[in-house]
Amino acid sequence: MINIWRLTKVQLLSSFGLNKALHTRDGKERRKLLLLSISILIGVVMMAVASFGYSFMMARTFEQIGRMDLLLAIMMAVTSIIGFFTTIYKASGVLFGFKDYDLVMSLPIKTSHVVASRVLQLYVLNLFFALMVMLPAGVVYAIKVNPGALYFPFFLITFLFIPLLPIIAATIIGALISWISSRFKASRMISLILTFVVIIGVMIGSFRINGNEQVLADMSTQLADMIFKLYPLAAMYVDAVCSYEIGSLLLFIAISVLAFMLFTTVLGTRYKAIHTGLTTSHASSKYIMKPLETSSPFRALYKKELRRYISSSLYVLNTSIGMIFLLVMSISLLFISSEKLGQLIEIPQLSDYLSKLAPLFVSLFVTLSCTTSSSISLEGNNLWILKSSPVSKQNILLSKVAVNLTITMPISIISCVMLMISLRTGWIESLLLLVIPLIYACYSAMMGVIVNLKLPNLVWTSEVTVIKQSASVIVSMLIGFISLVIPLGISLILSHVNGNLILLGIGIMIMAVCSVMYRYIQTKGEQLFQAL
Amino acid sequence: MLTIKHFTKSYKGGKKAVNDLNLVVEKGDIYGFIGHNGAGKTTTIRAVVGVLDFEEGDIEIDGISIKKDPVACKAVTAYIPDNPDIYDHLTGIQYLNFIGDLFSVSKADRESLIKKYGDDFQITANLGDMISSYSHGMKQKLAIISALIHKPKLLVLDEPFVGLDPKAAHMLKTIMVDLCSNGSAIFFSTHVLDVAEKLCNKIAIIKAGKLMTHGKTEDVKGDNSLEDVFLELIDND
């Protein structure tokens, strides 16, 4: 068992630049990491405060109907569902995509323990999210209900087990996808397609369940029934924490732990076979020289970058899921009204928001699809090739921007045209709807490059460390989010002013920032890249 | 072809990896760069090829400062690192074509040179396979071919013979001699002293970041073997 912890610790130390922060003696580097920690802490506190506010508002409603237990049930279900969703597409990468596979597997450690350490890595990361949702909800519950002393130890104990089962469920799907893909020649592409199919399937499935029940809007006992039906463990959890039932507590823990042990043992038996299937490249060794196609250096860099992007299912899934959501939603709006869709996805005022703030709404998905924030880190040991090549650094960096725009721009344009039709926007609104997301696409792509230049992580053993857990990706997401929240706040505060004028102002401002960033990439970007 | 003037590289914390190094590699030279592990060979080589930034001194390639015009310097230089990590997501031919594009090699030249060196290193049949399926030696061969297809004036190699099979190592030595007889220059590090002694017309020995001795191979080794000279220099402070 100690080996599971040792392996997990080593993996976690490489996340978020943690080990570097602990051991660096460089003052500048320390200051940078301190600043980064503070900004992440601010982000976490902001989310926790928002979560507390949300729980508090919900608690008022549940207080009226005398069902405060629903607060914990809903929050537990939300934590589990989000944990499940965010784990499906990274499970395969965490389980099988690490460079030190040979080293780890040659150690005198059971394969099931290696699997357990990979699952625990996912668990620890999900625990942070669970903490931000469950802790505020638990505090609100305690304030409102004033429960007995048993509530606190029961709440804390069960909290540790909440993320486990959703992660295992998602990891089973991830491992199954990997197992099926490993049997094909184009295993990576198959894995990518299968994951997309599963995610879209679950998305559509969850819409359907909500649609049939049609109960989320009216707060009644039906709501509790639905949550408990969808996720029976929520009922067990509520019985344990709110009613102090020791049997439920033990059952909840036992199910989670047994599922974990069973999964790691079973996967342990097929682990090597799946890994071999996924990593073995097909080699025909029958190449005969053919005429070669020449390209300009920029085009060559762009093609190389695009191939790099497509070669990693984790990279594609992580950075294009937002665009897929946008596309699915835009297509849905063609067939169902925005009012109906708002009901289905639990945002009743969606129709109003969409018609007013559609450009910012689309931009949110665009900024979520930032490929550049990890593109330099992903060069890793290959960086010497670009650094020793006779091409300007500007071309290298802009080729990465161009790939990001290739991912975001076409889907953004297609989605916006569909939104124009479904929302019946006027010509000025249509123009803004088309242009604002494109400006944000440029903004997000260039910002990602700059942040990655400032916070590179070129030494990694698993792509997950770079794509999901690097400081650069987190900071880029935070900046992207703030860059949308501020304009959104301005639009809502100045609701009496012409919305188009505000959007135009926002567009001009972001364009100005883009031109400053472009200049920065040309000058300082060159130096920062050289210093890598 | 290559002039290193007062090159000094300090790492964070103030420790000098290389201290005031001066060296001249002329056209036609096969210049061996020898030293123990951590002596500063790779640091110097990485600075020469423009991969590593440095503060003190200057490095000129074909009369151009790497600090002032790095792109022009790199256009005439080829570099093969000690452990060639090449893009796993490309096929061998895609990688060579990519390098051809970056160095603006003409279509005719790149096709004929890839064919020639691919056949020489017996790797042409594998060029359609993903690099991820290559062995270490095959990656090394691919890196060598990518360095040769743009006909560099200066070829810089870091431990080039590690991982190569005997036939490929022999082929590389032949190519190095051919390249220099056509007016190019080669600067390479090695731990294989026999090879350095036979192949190089000039040798430099570095210890703890400082150049201990340099010059024509026969002048450096005198009547002794290169191994004796090297061990004596390394053992004595």
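Residue numbers start from 1 in every chain, and the chains themselves are labelled A, B, ... in the order their sequence lines are given, proteins ahead of strands.
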Option in Ile288(A), Asn395(A), Asn382(A) with maximal non-hydrogen atom pairs under 4.5 Å from chain B:
Asn382(A)
Sidechain-backbone polar pair: Gln530(A) side chain, Asp53(B) backbone, donor-acceptor under 3.5 Å
no
Side chain, backbone, both or neither: which part of Leu96(B) has a heavy atom under 4.5 Å from chain A?
neither
Chain B contact via Lys304(A) - which portion, at a heavy-atom distance below 4.5 Å
both
Backbone of Thr294(A) reached by a side-chain donor or acceptor of Lys107(B) within 3.5 Å:
no
Scored by heavy-atom pairs under 4.5 Å with chain B, the best of Arg299(A), Lys290(A), Lys303(A), Arg308(A) is Arg308(A)
Interface residues of residues 383-393 of chain A facing chain B - non-hydrogen atoms under 4.5 Å apart:
Trp384(A), Ile385(A), Leu386(A), Lys387(A), Ser388(A), Ser389(A), Pro390(A), Val391(A), Ser392(A), Lys393(A)
Any Leu301(A) side-chain heavy atom under 4.5 Å of Leu102(B) side chain
yes
Select one option (side chain, backbone, both, neither) describing which atoms of Tyr95(B) are under 4.5 Å from chain A's heavy atoms.
side chain
Taking a cut-off of under 4.5 angstrom between non-hydrogen atoms, the residues of residues 82-94 of chain B near chain A are Pro84(B), Asp85(B), Ile86(B), Tyr87(B), His89(B), Leu90(B), Ile93(B), Gln94(B)
N/O donor-acceptor pair under 3.5 Å between Asn97(B) side chain and Glu293(A) backbone:
yes
Between the side chain of Asp101(B) and the main-chain N/O of Ser295(A), is any donor-acceptor distance below 3.5 Å?
yes
Counting heavy-atom pairs under 4.5 Å with chain A, the top scorer among Arg46(B), Arg110(B), Lys115(B) is Arg110(B)
